[in-house]
Amino acid sequence: MLDAFSRAVVTADASTSCVSDLSNLKAYIASGNRRLDAVNAIASNASCMVSDAVAGMICENQGLIQAGGNCYPNRRMAACLRDAEIVLRYVTYALLAGDASVLDDRCLNGLKETYAALGVPTTSTVRAVQIMKAQAAAHIADNPSEARAGARLRKMGTPVVEDRCASLVAEASSYFDRVIAALS
Amino acid sequence: MKSVVTTVIASADAAGRFPSTSDLESVQGSIQRAAARLEAAEKLAGNIDAVAREAYDACIKKYPYLNNAGEANSTDTFKAKCHRDIKHYMRLIQYCLVVGGTGPLDEWGIAGGREVYRALNLPTAPYVEALSFARNRGCAPRDMSPQALTEYNALLDYVINSLS
């Protein structure tokens with residue numbers, strides 16, 4: 001498993017040279033607190049995100065919870081919720097590390113084959129991951145609007161940075177995209 | 001590769017939980033020191049040839065017998081290899097400064113080092129002398145800031161301890 005720092009070291013070691021380009025690592029450090037806040041935002045809302053994503057997936061495809069569906073009976077629904085949480089957890093690790101290796105090595109490696117063997121439908125899984133991607137982006141940016149929330153608008157925290165952690169939103173989204181690419 | 005972040009992630013993963021507040025605190029602690037470490041890494045990367053050359057010269061000066069026929073520094077090839085070894089240690093120290101732990105030194109420098117030096121019949125005392133010279137050569141604020149120098153010297157001490 002590598003993080004952003006050890007990734008730079010391993011890359012430099014391949015050519016037996018010093019780590020010369022430190023700009024990425026300096027950026028990691030400069031935005032360190034934002035990154036930790038982003039990780040905390042996902043970790044604190046994880047169970048809500050997971051159940052909403054799976055519920056959303058089922059709402060769009062009711063066949064999943066009818067007899068013969070992949071989320072029927074409860075035992076398989078529970079397995080589905082568990083898997084969604086595992087995916088989200090590894091994405092969180094990757095976001096903390098600033099590198100996708102932990103996600104690749106410990107979660108995505110062989111996942112597609114496992115799901116194919118178990119008969120888990122790829123399209124539904126991808127849909128749940130897409131919902132979690134949107135949720136994570138919303139939690140990291142933390143910029144709810146009247147247009148989307150309507151009467152239920154509830155602002156948490158104050159705007160600390162103008163760009164709403166756009167780079168971290170993009171980075172987290174890239175890890176979800178990696179999951180989607182690995183499954184499909 | 002072991003670092004604060006990977007250690008935190010590995011333990012969280014072993015327990016199957018999301019990163020906790022205390023995990024994030026550990027990472028935060030590492031980030032706070034990182035600016036000094038990266039400063040030292042940057043300075044070392046820019047001057048690694050001169051640093052390694054000075055350290056190498058110092059150890060040959062202290063142990064001139066190495067230049068005698070049949071010794072480790074006798075021929076041009078051997079001299080180049082001795083210099084390369086010192087530079088190798090400095091490079092691993094630079095990696096450790098980047099990572100923020102002793103992982104690169106442990107995995108690529110220290111592990112098996114004793115066996116290799118014994119097999120090649122190399123004395124470790126000159127290595128210790130070269131690294132000690134580098135240890136005492138750095139000067140704050142001439143070379144880098146005091147905090148950066150502390151991080152750099154701590155890693156040199158770590159290698160010296162492993163060799164002696």
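What's counted below: heavy atoms across the whole structure, side chains too, no hydrogens, waters or symmetry copies. Just so it is clear: chains get the letters A, B, ... in the order the sequence lines come, proteins before strands, and each one is counted from 1.
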Return the option, out of A:Ile42, A:Leu88, A:Ile86, with the maximum number of heavy-atom pairs under 4.5 Å with chain B.
A:Leu88
Is any side-chain heavy atom of A:Tyr90 closer than 4.5 Å to a side-chain heavy atom of B:Ile9?
no
Min side-chain heavy-atom separation B:Trp108-A:Val9 under 4.5 Å
yes
Quick check: do A:Ile29 and B:Gln32 have side-chain heavy atoms less than 4.5 Å from each other?
no
At a heavy-atom separation under 4.5 Å, does B:Pro19 approach chain A through its side chain, its backbone, both, or neither?
both
Spacing of CD belonging to B:Glu42 relative to CG belonging to A:Leu25, to within rounding of 0.5 Å
10.5 Å
Is it the case that the side chain of B:Tyr95 and the backbone of A:Asp13 share a donor-acceptor pair, with hydrogens and angles ignored and the cut-off at 3.5 Å?
yes
Could you check if a side-chain atom of B:Thr6 sits within less than 4.5 angstrom of a side-chain atom of A:Leu2, using non-hydrogen atoms only?
no
Assigning hydrophobic clusters by single linkage (Ile, Leu, Val, Met, Phe, Trp, Tyr; side-chain heavy-atom cutoff under 4.5 Å), is B:Phe133 placed with B:Leu156?
no
Atom pair OG/CD of A:Ser17 and B:Gln94 - distance to nearest 0.5 Å:
8.5 Å
With rounding to the nearest 0.5 angstrom, report the CZ to CG distance, B:Phe18 to A:Leu96.
12.5 Å
One should read off an interatomic distance between B:Arg91 CZ and A:Thr16 OG1, to the nearest 0.5 angstrom, of 5.5 Å
Got A:Met1 and B:Lys2 here, is their nearest side-chain heavy-atom distance under 4.5 Å?
no
